[in-house]
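Below is one structure; the comments refer to it alone.
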Amino acid sequence: MHRTGSLYGQFKTLEQQKDTATLGMWIFLVTEVMFFGGIMLAYTINRHTYFHAFAMGSNTLSLGLGGFNTVVLLASSFTMAMAVWSSQTSKKNLITLFLSLTILLGFVFFGVKYVEYAQKFHHHLVPGKHFDIFYCVNNPAKCEDIDAADMAKEKEELEAAAKADPDLNAHAQLYYSAYFGMTGLHALHMVIGAGLLFWLLKESVAGKFNAEWNNPVDIVGLYWHFVDIVWIYLFPLLYLIDRHK
Amino acid sequence: MRAEATGPALQLPEKHYLNATYGIRSWLLTTDHKRIALLYLASVTFFFFIGGFFAMMIRLHLLTPNGYLLTPDQYNRMFTMHGVTMVFFFLIPSIPAILGNFLIPIMIGAKDLAFPKINLLSWYIYILGGAFTLWSMINGGLDTGWTFYTPLSTIYSNSAVAPAVVGVFITGFSSILTGLNFLVTVHTMRAPGMTWFRLPLFVWAHYATSIVMILGTPVIAITLGLAAMERVFGLGFFNPAMGGDPILFQHLFWFYSHPAVYIMILPAMGVISELIPTFARKRLFGYHFVAAASLAIAVIGFVVWTHHMFLTGQSTYAAVAFSFLTFIVAIPSAIKTFNWTATLFGGSISFDTPMLYAFGFLGLFMIGGLTGLFLGALGVDINIHDTYFVVAHFHYIMVGGAVMGYLGGLHFWWPKITGRMYPEWLARIAAFILFIGFNFTFFPQFIVGIMGMPRRYHTYPPEFQIYNVMSTAGASILAVGYLLPMVYLTWAAFYGKVAGENPWPATGLEWKTQSPPLTENFEVTPVVTWEAYDFHNRPDLGLDVPSGKGSPAVAPAHGDD
Amino acid sequence: MYLAIITTLLILTGLTVAAAFVNLGRFNIFVALLIATVKATLVVLIFMHAKYAPERTKLVIIAGIFWLALLLFMTLSDYASRVDYRGLNYPMTQIISHTIDRRG
């Protein structure tokens with residue numbers, strides 16, 4: 001099928017093309033809901049079964065970094081929505097600005113995630129051969145980034161958790177499996193989203209989007225918002241399991 | 001058609017989608033849904049051969065009770081690879097990716113699917129997934145059963161699990177993209193006047209199938225993803241030693257794999273819904289009910305999966321609930337079967353090859369479906385779970401049902417796809433051979449299953465040998481029944497008699513275009529003002545069908561006299 | 001309009017963090033999920049324009065949520081009804097074991 005301008009050959013009107021692409025993206029997002037849903041199910045069952053291990057694991061996550069990342073992603077959703085609005089009102093420079101901001105915020109998110117992951121590696125909290133939930137408490141010198149007060153609290157929590165759950169180390173691995181699985185999958189989707197945003201940026205600089213044709217911005221926006229929604233759920237599920245101790 | 005049969009020999013149209021462009025690149029980089037359908041035909045047939053090879057090994061081995069042919073480990077690999085190949089690389093893509101891709105745009109009056117490039121991507125993803133699975137086979141295959149149950153698959157198996165799991169994972173996306181394409185196409189690309197209730201039931205069936213593909217396949221994707229992570233990185237969701245749960249794997253696996261069987265049968269039912277009205281020269285009885293039943297099967301099919309897990313320590317209450325739902329899901333299928341049969345009543349029936357396959361479907365699907373009810377009954381299932389009764393049940397549906405539908409559809413639309421007709425008498429003989437071979441293969445398995453022969457065992461008690469020998473003998477006849485169409489359909493594509501626009505004749509937009517169709521399908525976008533299967537309103541077809549319901553049609557016309 | 005939404009989202013984020021520090025026992029998770037759902041709804045309706053979308057889109061969204069619920073609740077119902085599976089004791093299993101015990 002040949003393309004004339006923005007109109008692909010299998011369509012009769014731009015309206016039909018827009019309608020089709022938008023429906024396609026929404027249906028794709030439904031498949032993503034089911035995709036994440038599977039790992040959410042695994043998380044739900046294991047959290048119920050091994051609550052103490054999950055609570056312990058959750059408390060080793062930095063609430064500050066997690067909260068900051070949540071704010072970053074929500075802001076990026078806002079800038080994305082503004083980019084869509086700019087394309088609908090043919091404000092070419094604003095499209096570019098807001099797309100760039102969205103990409104920037106995305107990279108800030110990646111940066112923070114990298115810091116978090118690096119910390120987990122350092123503290124022997126990655127599922128596998130070297131996993132050890134007691135590592136930092138037994139070797140405080142190796143985990144210099146935890147200060148003395150936090151270390152004492154962690155030690156107390158660990159002892160209480162180990163009493164409640166004799167097999168804490170094995171079950172805590174399940175928490176970190178869920179953590180890395182869910183945030184890893186999420187991060188992968190964000191990388192894809194960032195790629196799409198870069199493509200959009202290129203097209204917007206070339207002046208392709210205006211009030212008549214802005215559908216690509218719209219549907220990448222849908223994807224980006226979905227990725228944000230996943231994080232909206234991941235944040236309380238992973239970071240806020242049992243903070244009230 | 002009658003008039004054309006006595007006139008001069010037909011010619012193929014000058015320009016069509018097959019000769020529009022030449023060269024390997026024009027095929028491998030095509031976005032034409034018809035060419036992509038043929039790409040799928042080639043690759044799906046390839047995997048069918050591979051799955052068939054594994055089936056042959058199983059049946060040869062089971063000729064004797066003590067299994068002289070394969071070691072136990074090799075036997076495990078044979079039935080596993082047979083299942084994986086046939087389910088994921090043959091049955092699930094077959095009708096949707098070949099006939100669906102080819103026909104849906106034409107049937108709704110569109111130039112192509114909604115997303116032609118994604119359609120091509122879908123094929124490449126299928127090939128990539130297939131390559132990973134072939135890699136697994138080359139490295140000895142896997143021995144876990146096509147169900148990949150943990151912890152065997154994730155921890156204890158010594159076979160090439162990881163590449164196979166990755167291969168199936170990747171192929172799932174092919175399915176998702178095809179389903180997405182179909183759903184959107186049916187919503188937004190219909191020609192003017194083609195309202196929902198004028199759509200051919202083939203389209204309705206694929207719409208329902210696409211719903212299942214979209215909602216179910218991502219779940220198996222994440223399940224296999226987690227299983228692969230566990231095998232490679234030692235995660236632990238399904239590992240009891242780490243507190244994981246094998247039952248969780250089963251839930252996640254069957255949440256998809258049960259609806260998957262509806263992905264396999266719904267398109268075949270769609271084909272049958274096209275064949276029966278055509279060869280009975282009569283409108284389909286209860287069009288709305290059949291359409292609604294397709295959707296009902298798709299939806300209800302999602303809430304019955306635990307019937308695969310009756311023997312995993314479920315509480316009676318959960319088991320009763322799922323057993324009840326399993327009985328409910330049979331109802332829409334029954335409605336369809338009654339409607340097809342009612343269509344035959346008072347019709348003018350001709351026994352062309354596609355109709356023979358349709359009759360085969362009716363009988364065999366009924367047996368397969370009814371035996372499913374045996375399995376859904378809790379008390380009975382305790383005794384026949386994991387026996388050959390189950391094996392016979394699903395082969396009756398998948399081979400007796402889905403493959404019959406596939407072959408019937410291939411024959412029916414072969415003149416449209418290639419412009420040429422297959423040899424009718426040879427095809428009828430092949431259909432009979434297939435039907436006989438099939439029943440000899442699988443009916444003894446019902447008997448031997450009730451008698452207690454377990455499935456997936458490389459040996460069996462000697463008193464079952466007669467049935468196994470019968471089954472293997474039947475399988476060899478069945479193989480002939482498969483090989484014949486592969487040979488003569490290929491021959492016919494090049495040397496068959498030119499078919500013309502509407503050889504049967506049938507209603508439906510695809511029969512109003514040339515055979516083979518143009519790349520853009522229609523020269524002018526059609527405007528639809530008629531109902532589906534309106535035989536009584538089509539004097540141009542040359543059928544002497546008096547209008548008015550119930551009165552029999554006269555003068556059945558044939559395709560190749 | 002978007003500014004109002006993002007502000008609300010940020011406030012709700014703060015709320016969910018604050019709620020995590022209050023001991024509500026079993027209800028902590030429900031409160032957290034409830035707030036998350038409110039946030040998600042705002043994003044879907046306003047940022048993703050679902051409020052102004054054709055009926056078809058709304059049906060697609062509802063179908064997706066419904067199917068996720070199917071997956072979660074039906075699987076959990078199997079777990080919840082298993083008696084003494086892996087040493088677990090869901091509320092439902094108490095009811096079931098009492099019923100079975102009474103029958104002797």
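Note on naming: letters A, B, ... go to the chains in the order of the sequence lines (proteins, then strands), and numbering restarts at 1 for each one. Every value quoted in this text rests on a predicted model; they were computed, and no experiment measured them.
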Sort A:M80 into side chain, backbone, both or neither according to what part of it lies under 4.5 angstrom from a heavy atom of chain C. neither
Less than 4.5 Å apart, side chain to side chain, heavy atoms only: is that true for C:I29 and A:L237? yes
Residues A:D228, C:K39: salt bridge by 4.0 Å N-O rule: no
CD1 of C:I6 to CE of A:M82, rounded to nearest 0.5 Å, is 11.5 Å
Say you draw a straight line from CD1 of A:I241 to CG of C:N28; how long is it, rounded to the nearest 0.5 Å? 11.0 Å
Could you tell me which portion of C:V60 (side chain, backbone, both or neither) has an atom closer than 4.5 angstrom to a non-hydrogen atom of chain A? both
Between the OG1 atom in A:T31 and the CH2 atom in C:W67, the distance rounded to the nearest 0.5 Å is 14.5 Å
How close do C:M48 and A:L222 get, heavy atom to heavy atom, and via which atoms? CE-O, 3.3 Å
Shorter than 4.5 Å, heavy atoms on both sides: which option in A:T70, A:V71, A:L23 has the most such pairs with chain C? A:L23
Between A:D19, A:V230, A:T44, A:L29, which residue shows the highest count of heavy-atom pairs closer than 4.5 Å to chain C? A:D19
Name the orientation class of the two ring planes belonging to C:F47 and A:F78 (parallel below 30°, tilted from 30 to 60°, perpendicular beyond 60°). tilted
If I measure from the heavy atoms of chain A, does C:T16 come under 4.5 Å with its side chain, its backbone, both, or neither? both
Would you name the heavy atoms of A:V33 and C:G64 that are closest together and state the gap between them? CG1-O, 4.0 Å
Given a strict heavy-atom distance threshold of 4.5 Å, which part of A:S77 is in contact with chain C: side chain, backbone, both, or neither? both
I need the C:M74 CE to A:L41 CG distance, nearest 0.5 Å. 12.5 Å
Answer key: most heavy-atom pairs under 4.5 Å with chain A among C:T13, C:T37, C:L33, C:V44 is C:T37
Please state whether the side chain, the backbone, both or neither of A:W85 comes within less than 4.5 Å of a heavy atom of chain C. side chain
Roughly how far, to the nearest 0.5 Å, is CE of A:M40 from CG of C:L68? 8.0 Å
Residues A:A81 and C:Y2: closest non-hydrogen pair is O-CE1, 3.4 Å
CG/A:L74 to CG/C:L9 distance, rounded to the nearest 0.5 angstrom? 5.5 Å
What part of C:I5 is in contact with chain A, defined as an atom under 4.5 angstrom from a non-hydrogen atom: side chain, backbone, both or neither? neither
Within the 4.5 Å heavy-atom criterion, are C:H49 and A:D218 side-chain neighbours or not? yes
Sorted by number, residues from residues 102-110 of chain A in contact with chain C (heavy atoms, under 4.5 Å): none
Ignoring hydrogens, what is the shortest heavy-atom contact between A:H225 and C:V43? Give both atom names and the distance. CB-CG1, 3.9 Å
If you apply the rule side-chain contact (heavy atoms from CB on, under 4.5 Å), what do you find for C:L59 with A:W26, and how did you get there? CA-CA 10 Å; C:L59 182 64; A:W26 276 109; over 6 Å; no
So which part of A:F235 gets closer than 4.5 Å to some heavy atom of chain C, the side chain, the backbone, both or neither? side chain
